Protein chains: 2
Amino acid sequence: MNELLKQNINKHVQFSASELEEFCKYFQLKTFKKKEHLLKQGDVCKFEGFVLNGCFRIFTLDQKGSDNTLYFAARDWWLMDNDSFMHQNPSHLNMQALEDSEVLMISRTDKLMLYEKLPIVEKLFRVMSQKALVAWQRRLIRNHCETAKERYQNFLSTYPSIASKITDKQMASYLGITHEFLSKIKKQ
Amino acid sequence: MNELLKQNINKHVQFSASELEEFCKYFQLKTFKKKEHLLKQGDVCKFEGFVLNGCFRIFTLDQKGSDNTLYFAARDWWLMDNDSFMHQNPSHLNMQALEDSEVLMISRTDKLMLYEKLPIVEKLFRVMSQKALVAWQRRLIRNHCETAKERYQNFLSTYPSIASKITDKQMASYLGITHEFLSKIKKQ
DNA sequence: GAAAAAAATTGAACTAGTTCAACTCTTTGT
DNA sequence: ACAAAGAGTTGAACTAGTTCAATTTTTTTC
């Protein structure tokens with residue numbers, strides 16, 4: 001049932017079969033209807049998730065109502081708010097299902113327990129965080145040196161399956177441009 | 001001598017005195033003259049560093065020659081290229097001293113050994129990476145929803161001691177604008 | 001301490017991306 | 001199946017930020 005999770009873990013760090021079992025047994029399957037929130041800004045984050053099916057959008061809303069998409073999490077992606085999870089302060093993030101979705105979720109209590117009990121879990125998240133860090137640094141640089149059109153085309157070719165699931169408004173919010181301008185880019 | 005390093009570590013994860021000793025003894029003091037590179041793009045990264053004194057600029061240069069500053073590392077900051085360090089591929093980053101600087105450096109070999117020998121080191125870098133991740137996500141959002149002027153003013157008030165060490169060109173490269181435009185912002 | 005190199009300033013013309021408003025097309029809920 | 005809400009398109013006027021080129025100021029080097 002959570003074969004996908006096990007494969008995902010082993011892409012980052014080599015777990016033994018028993019470590020995999022022990023770690024994965026704390027994950028519970030939850031389903032989310034389209035538009036349902038896994039996390040709402042203001043909530044304190046008490047869970048982390050791994051997407052089995054469907055797709056989520058992770059975004060912030062600021063005072064002026066401006067909507068900023070941090071990333072999309074489709075099948076085989078992790079969902080976490082490191083800030084709120086770590087410090088147990090109110091989250092700045094929203095995680096909303098873009099379609100009916102299935103997520104394997106682990107509670108904060110269990111995860112903290114597993115960090116202690118199973119040292120390789122520290123390594124797993126250390127490695128995943130370091131990889132994510134590299135990706136965020138690259139994205140920031142691309143935002144500086146590429147035009148909106150280039151970023152749009154790169155997104156289409158890098159994440160075609162996500163691109164097909166999201167609206168143009170959500171795409172524009174990810175790219176950091178207005179949806180009107182995205183519409184003009186597409187016309188060309 | 002490396003009190004600062006020990007304090008920095010304990011800000012993230014509580015080490016015992018003996019763990020601190022054991023971890024810190026693998027760091028060696030190196031000095032860098034102004035303009036000297038700790039890492040050059042194309043090199044494979046075999047060290048990580050912790051700045052004791054001075055300041056570094058971490059930046060990329062792309063094909064078109066455009067210069068992008070990822071961050072500045074002054075006293076009490078870490079210097080690492082996670083990508084090249086992890087995969088041992090040629091780095092995309094440059095780390096250059098902006099003034100004469102002192103850095104405590106640890107070799108890749110020693111660090112990998114310490115991950116094995118001292119499990120709390122995994123935790124340290126897991127926690128540091130997760131905090132850094134949060135900071136990078138915030139920076140990306142700010143780049144989308146704030147004007148260049150706002151970002152400039154925020155930088156000045158958040159990092160006044162760094163601001164005083166860098167040229168306007170380097171500041172502009174960090175903000176993602178041209179130095180001509182920064183000059184116009186300052187005039188107002 | 002003079003010469004050379006690099007950094008900063010300024011202006012004019014330009015362009016990528018925004019804003020606002022009107023309209024159409026598609027999806028959703030009942 | 002209909003009404004209502006949301007998503008996408010288009011155009012016109014605008015603005016934040018760029019580009020290029022000339023000039024001045026500051027820093028570096030020998």
Side-chain angles (χ1 to χ4, degrees), chain A residues 32-37 55 57 59 61-69 72 94 96-100 140-156 162-188, chain B residues 32-37 54-55 57 59 61-69 72 94 96-101 140-156 162-188:
Chain A
F32 292 86
K33 290 272 165 212
K34 183 170 183 174
K35 294 203 174 163
E36 206 178 327
H37 281 256
C55 189
R57 182 168 76 100
F59 63 101
L61 295 173
D62 68 16
Q63 313 84 314
K64 305 158 206 159
S66 114
D67 174 318
N68 245 283
T69 298
F72 299 99
N94 301 279
Q96 187 183 26
L98 297 180
E99 56 187 32
D100 293 357
L140 191 99
I141 290 174
R142 289 218 191 102
N143 267 303
H144 282 169
C145 65
E146 292 176 3
T147 64
K149 189 177 184 178
E150 288 167 335
R151 280 179 276 142
Y152 172 62
Q153 292 169 334
N154 290 341
F155 188 91
L156 287 185
I162 290 180
S164 68
K165 293 179 178 192
I166 66 179
T167 65
D168 284 1
K169 237 175 168 170
Q170 292 163 346
M171 171 74 84
S173 149
Y174 176 89
L175 296 173
I177 58 176
T178 60
H179 66 282
E180 292 96 329
F181 189 57
L182 177 56
S183 174
K184 283 160 199 173
I185 287 174
K186 286 170 64 185
K187 214 173 65 170
Q188 296 170 14
Chain B
F32 292 86
K33 289 269 165 213
K34 184 170 183 174
K35 293 204 176 162
E36 206 178 327
H37 281 255
C55 188
R57 182 168 76 101
F59 63 102
L61 295 173
D62 67 16
Q63 314 84 313
K64 306 157 206 159
S66 113
D67 172 318
N68 244 284
T69 298
F72 300 98
N94 300 280
Q96 189 184 24
L98 297 181
E99 56 188 30
D100 293 355
S101 302
L140 191 100
I141 289 174
R142 290 219 190 100
N143 267 303
H144 283 169
C145 65
E146 291 176 3
T147 63
K149 188 176 184 180
E150 287 168 336
R151 280 180 276 142
Y152 171 62
Q153 291 170 333
N154 289 341
F155 188 91
L156 287 186
I162 291 180
S164 68
K165 293 180 179 193
I166 66 179
T167 66
D168 284 0
K169 239 176 167 168
Q170 292 163 345
M171 171 73 85
S173 149
Y174 176 89
L175 297 173
I177 57 176
T178 60
H179 67 282
E180 292 96 330
F181 189 58
L182 177 56
S183 174
K184 284 161 198 172
I185 286 174
K186 285 169 66 186
K187 215 173 63 170
Q188 298 169 12

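In what follows, chains are A, B, ... by sequence order, proteins preceding strands, each numbered from 1. What you see is a predicted model; the values in this text were computed from it and never measured. Scope of the values below: all heavy atoms of this structure, side chains included, with no hydrogens, waters or symmetry mates.
- Here the rule is side-chain contact (heavy atoms from CB on, under 4.5 Å) with B/Asp67, and of B/Leu61, B/Asn94, B/Asp62 only B/Leu61 fits it.
- Taking a 4.0 Å limit (strictly below) on heavy-atom distances, residues 164-175 of chain A reaches DNA chain D at A/Thr167, A/Asp168, A/Lys169.
- Smallest separation of non-hydrogen atoms from A/Cys145 and A/Glu150: O-OE1, 4.3 Å.
- Along DNA chain D, the nucleotide closest to A/Lys186 and the one closest to B/Gly176 are compared, and the more 5′ of them pairs with A/Lys186.
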Could you list the protein-to-nucleotides 23-26 of chain D atom pairs, N/O on both sides, closer than 3.5 Å?
none

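- Following rounding to the nearest Å, A/Glu180 (CD) and D/dG11 (C1') show an atom-to-atom distance of 12 Å.
- Taking the C1' atoms of five terminal pairs at each end of the helix from C/dG1-D/dC30 to C/dT30-D/dA1, the two resulting helix axes are inclined by 70°, rounded to 10°.
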Side-chain polar contacts of residues 175-188 of chain A - donor-acceptor pairs under 3.5 angstrom, sequence neighbours left out - could you list them?
residue: A/Thr178; atom: OG1; partner: A/Phe181; partner atom: N; Å: 3.2
residue: A/Lys186; atom: NZ; partner: A/Asp168; partner atom: OD1; Å: 3.4
residue: A/Lys186; atom: NZ; partner: A/Asp168; partner atom: OD2; Å: 2.4
residue: A/Gln188; atom: OE1; partner: A/Lys149; partner atom: NZ; Å: 2.8

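- Interface limits on DNA chain C: the 5'-most and 3'-most nucleotides within less than 4.0 Å of chain A heavy atoms are C/dG17 to C/dT28.
- The CD-P distance, from B/Glu99 to D/dT28, rounds to 12 Å in whole Å.
- Rounded to whole angstrom, the span from the NE2 atom of A/His179 across to the P atom of D/dT10 amounts to 13 Å.
- Backbone-only engagement by A/Lys187 is indicated by non-hydrogen atom pairs under 4.0 Å involving sugar-phosphate atoms exclusively.
- Evaluation of the salt bridge (Lys or Arg N to Asp or Glu O under 4.0 Å) rule for B/Glu99 yields B/Lys165 as partners, not counting sequence neighbours.
- In terms of heavy-atom proximity, B/Arg142 sits nearest to B/Arg151 at O-CD, 4.1 Å.
- In this structure, the side chains of B/Ile162 and B/Gln170 stay at 4.5 Å or more apart for every pair of heavy atoms.
- Atoms OG1 and CD, from B/Thr147 and B/Gln153 in turn, are 7.5 Å apart once rounded to the nearest 0.5 Å.
- Each of B/Glu146 and B/Lys34 was matched to the nucleotide of DNA chain D holding its nearest heavy atom; the match closer to the 5' end belongs to B/Glu146.
- The main-chain N or O of B/Lys34 is found under 3.5 Å from a side-chain atom of B/Asp100 such that the two form a donor-acceptor pair.
- Although no hydrogens or angles enter the test, the distance criterion places no donor-acceptor pair under 3.5 Å between the side chain of A/Thr69 and the main chain of A/Phe59.
- Ring geometry for B/Phe155 versus B/Phe72: interplanar angle over 60°, hence perpendicular rather than tilted (30 to 60°).
- A straight line from CD1 of A/Ile177 to P of D/dG8 spans 13 Å, rounded to a whole angstrom.
- B/Arg57 places none of its side-chain heavy atoms less than 4.5 Å from the side chain of B/Tyr174.
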